[in-house]
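See below for the structure under consideration.
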Amino acid sequence: MADVGRHPRIELLAYSEVDNVTGYVGNFTVTVRKKARYVDVAECTACGDCEDVCPVTAPDEFEIGLATRKAIYQPFPQAVPSAYVLNIDECLGNNPIACGKCLEACDKDCIDYDDEDELVDIEVGTILVCVGMDVYDPTTLDEFGYTRYENVITSLEFERLINSGGPTRGHLIRMTDREQPRTVAFIQCVGSRDASRGNPYCSNFCCMNTVKDCLLIKDHYPDVDIKVFYMDIRAFGKGFEDLFQRSKEAGTVYIRGIPGEIEEDPETKSLRLYVETTTEGGVNCHEVDMAVLSVGAVPKRDSDMIQRLLTLQRSQDGFFLEAHPKLKPVDAATQGIFFAGCAESPKDIKDSVTQASAAVGRANRLMMQGEVKVEAITSTVIPDLCKSCGICVKVCPYNAISCDTKAKTPAVVVEAACAGCGACSAECPFGAITMKHFTDSQIDAQIDAMLSDNPQDKVLAFACNWCSYSGADLAGTNRFQYPANVRLIRTMCSGRVDKRFVLRAFAMGAPIVLVSGCHFADCHYINAVHWTQRRVEKLWDELEKKGIRPERLQLEWISAAEGQKFATVMRAVEELRQKVTRDEIEHTRKVLADVLEPTGVVA
Amino acid sequence: MAEEAKFCCLRCGAEFLLPYTPGVTEERTCPNCGSNSVRRKKDK
Ligand SMILES: Cc1cc2nc3c(=O)[nH]c(=O)nc-3n(C[C@H](O)[C@H](O)[C@H](O)COP(=O)(O)OP(=O)(O)OC[C@H]3O[C@@H](n4cnc5c(N)ncnc54)[C@H](O)[C@@H]3O)c2cc1C
Ligand code: SF4
Ligand code: SF4
Ligand SMILES: [Zn+2]
């Protein structure tokens, strides 16, 4: 940290928050709120005279409440910049000055009760998201008695407890009597690997953290008995199995089973752990002096805000989603944004640093070039048709469109930010947006050509480039049989499938139309696929109102790996096609005849 | 607990309950045939 603070080309904005981000790759403007510290950082020498006289004590966040601090304090010993900060909500001395002791004590006149937050705009080309994670709160797992029993603590609290810079200077004590415990239990996977009682995923670092803690205890206190209750020990990293074996050789006992209940002895405050184990058989009771809950990782609690500011995707577990798990593991789907560390998924320090190095490399690669290649397929607004309604601005997953709805000026697409999904084009009620290389007239021409003769025998399917079209390819290469009368129209994203295309196909005599795209979690364009579903849902209502069976419009999510599903879906829609009568098709053609009339718009 | 609503499958015709939050778009699958052509039944 000190090196970062000293580096001539790194500007460190500590005690600051990002308020807003605008722009696009190469041209981001980040608005940072530098929070009021009430202490002049340049002058403060961190002598601590102010802290000595401050009468207010509060729980120390860095020590997770295991120690206290004053209202004026240094966030943690190695903090950069090495300066104090005043928590104005706790301070007695502000407006009107009721205390003012720190003001008097500070020789350097660093303290300013009138300090205010400052907003600064920073121009940057790329952004790295490395906001880390939060830890699982085990209070809801009542059986462990966390917060009810003082001698049940979390692994994060334990980290501070045995840290030489921590509240006990690294001495292992238990909370109730400040005595060294004789027996310590670790309970693994608290909040992890159990969807019904926490999160379904493995938090990756907790097993090895416990192994490390056991070795540390055995190193300093060889007489302390340690029992680790676990489901599996996952020691798959370099040198990890060796550490695991060493901790066993040092005397740590590993017991396979997670306690179902912890009870406290009201007198001794020792704990009784009831556990059914596969190693011992039956339910056994283990008495220990303290228990450490090995808590898992959860996504940062303000992830929603970061997601919104940077138009990011999240995976089902809530962590930020990379553009591609194998080929772009540190890139966000939005160009110019990269991930490192636990923001992307739970991982240990080594993997976080590896990912950070990769992310910096990716960012540098972009910035060294000094220019970016924009997508060939981007959207373009036709100014004469735009009514400045602003719908496209809301639709675009990449915030690539701006529109001044009050000034009624036409919408503007930033091509460098546009990824080319086409959702805006499909949603614009005035046909004012077209897509390069996938224009309305090109798609119309494909629909017309495919349904020009014997349309009643065809199934018309729209397939997105990345998933369902690739699923079709896979079905082909694997020789999965599907009906030969399916006609595919490729769009980059199913979000591009304009309602007009579907109606046109029906007006041309299509018995069945299928819209297919990526599963929501795989959408190549953040969440453009959501617009597809909403549009199809509206179309079902509209078709029904017009007396057309909504069943004739089918919707399917097919991934690139689902060649088998592609073939199955095509067989199913062909079965549906056979049930559509000629009368129905004729009726639809009549009802939708006006769809085929030229609009005068050439998009 | 998320609210539930009645849905019907436009491929096989099955009717079923699925979690539903107004305004939230979710991927839905028919528990009978696996189709994603799942439409919410609105009370008439
Ligand atoms: C109990 C426990 C024990 C562990 N033990 C080990 C171990 O022994 N060995 C090991 O390798 N790993 C261990 N880990 C994992 C290790 O902590 C992580 O690998 C590592 O911290 C990940 O680094 P990071 O930079 O991604 O996140 P963090 O270390 O969490 O850093 C993220 C930083 O971003 C800041 N931040 C967050 N949001 C914002 C925002 N909106 N604006 C500005 N700043 C923000 C945070 O304040 C924080 O400083 C342990 C984890 C836990 C919970
Ligand atoms: S949706 Fe269409 S009309 Fe509305 S602002 Fe965007 S381009 Fe203009
Ligand atoms: S095509 Fe997609 S990414 Fe491009 S402006 Fe339209 S909605 Fe945004
Ligand atoms: Zn079904």
Side-chain angles (χ1 to χ4, degrees), chain A residues 316 395 397 423 461 467-468 471 494-495 512-523 526-545 548-559 562 564-566 568-577 579-580, chain B:
Chain A
Q316 267 178 344
V395 171
C467 287
S468 36
S494 60
I512 292 282
V513 175
L514 168 70
V515 175
S516 64
C518 310
H519 289 282
F520 279 26
D522 300 337
C523 178
I526 302 183
N527 59 4
V529 72
H530 289 208
W531 292 100
T532 314
Q533 174 150 318
R534 279 179 226 166
R535 201 175 306 131
V536 167
E537 283 169 356
K538 279 195 207 149
L539 262 167
W540 282 331
D541 294 346
E542 192 174 330
L543 292 174
E544 196 169 50
K545 274 197 199 123
I548 301 165
R549 276 193 302 129
E551 290 82 348
R552 291 174 57 196
L553 172 60
Q554 290 282 304
L555 176 70
E556 291 296 339
W557 311 126
I558 304 170
S559 81
E562 289 177 323
Q564 189 72 265
K565 179 172 180 184
F566 181 87
T568 310
V569 167
M570 294 309 146
R571 285 194 295 271
V573 287
E574 165 56 9
E575 270 181 38
L576 291 176
R577 185 200 63 81
K579 292 183 194 141
V580 182
Chain B
M1 265 298 276
E3 262 181 62
E4 288 198 325
K6 212 179 214 186
F7 287 85
C8 71
C9 173
L10 295 186
R11 194 202 288 175
C12 74
E15 294 195 358
F16 39 84
L17 290 172
L18 286 179
Y20 172 72
T21 316
V24 176
T25 311
E26 282 172 292
E27 181 169 334
R28 298 198 176 90
T29 304
C30 167
N32 183 46
C33 72
S35 170
N36 304 116
S37 299
V38 171
R39 186 182 182 206
R40 189 164 70 88
K41 291 200 78 162
K42 291 174 194 156
D43 293 328
K44 294 259 161 69

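Chain letters run A, B, ... following the sequence lines, proteins first and then strands; every chain starts at 1.
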Is chain B contacted by the side chain of E537(A), its backbone, both, or neither, given a heavy-atom distance below 4.5 Å?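 Just the side chain, heavy atoms under 4.5 Å.
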Heavy-atom distance under 4.5 Å to chain B: side chain of N527(A), backbone, both or neither?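 Nothing of N527(A), per the 4.5 Å heavy-atom cut-off to chain B.
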For E26(B), does its backbone N or O pair with a side-chain atom of Q533(A) as donor and acceptor, under 3.5 Å?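 It does hold such a pair.
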Does any N or O in the side chain of E551(A) come within less than 3.5 Å of the main-chain N or O of L10(B), such that one atom is a donor and the other an acceptor?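 Not confirmed, E551(A) side chain does not pair with L10(B) backbone.
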Residue, of R11(B), R40(B), R28(B), E27(B), that accumulates the most heavy atom pairs under 4.5 Å with chain A: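 Counting heavy-atom pairs under 4.5 Å, the top option is E27(B).
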Taking all non-hydrogen atoms of both residues into account, name the closest pair between K565(A) and G34(B) and its distance.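 Residues K565(A) and G34(B), closest heavy atoms: NZ-O, 4.3 Å.
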Please name the pair of heavy atoms, one in L555(A) and one in S35(B), separated by the smallest distance, quoted to 0.1 Å.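 The answer is O-OG, 4.4 Å.
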K42(B)/E544(A) ion pair, N-O < 4.0 Å: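 Salt bridge: no.
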Heavy-atom pair count under 4.5 Å with chain B, highest-scoring of E556(A), R534(A), H530(A):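 Ranked by contacts with chain B, first place is E556(A).
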Measure the shortest side-chain to side-chain distance between F520(A) and T25(B) over non-hydrogen atoms and say whether it is less than 4.5 angstrom.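 Yes, side chains in contact.
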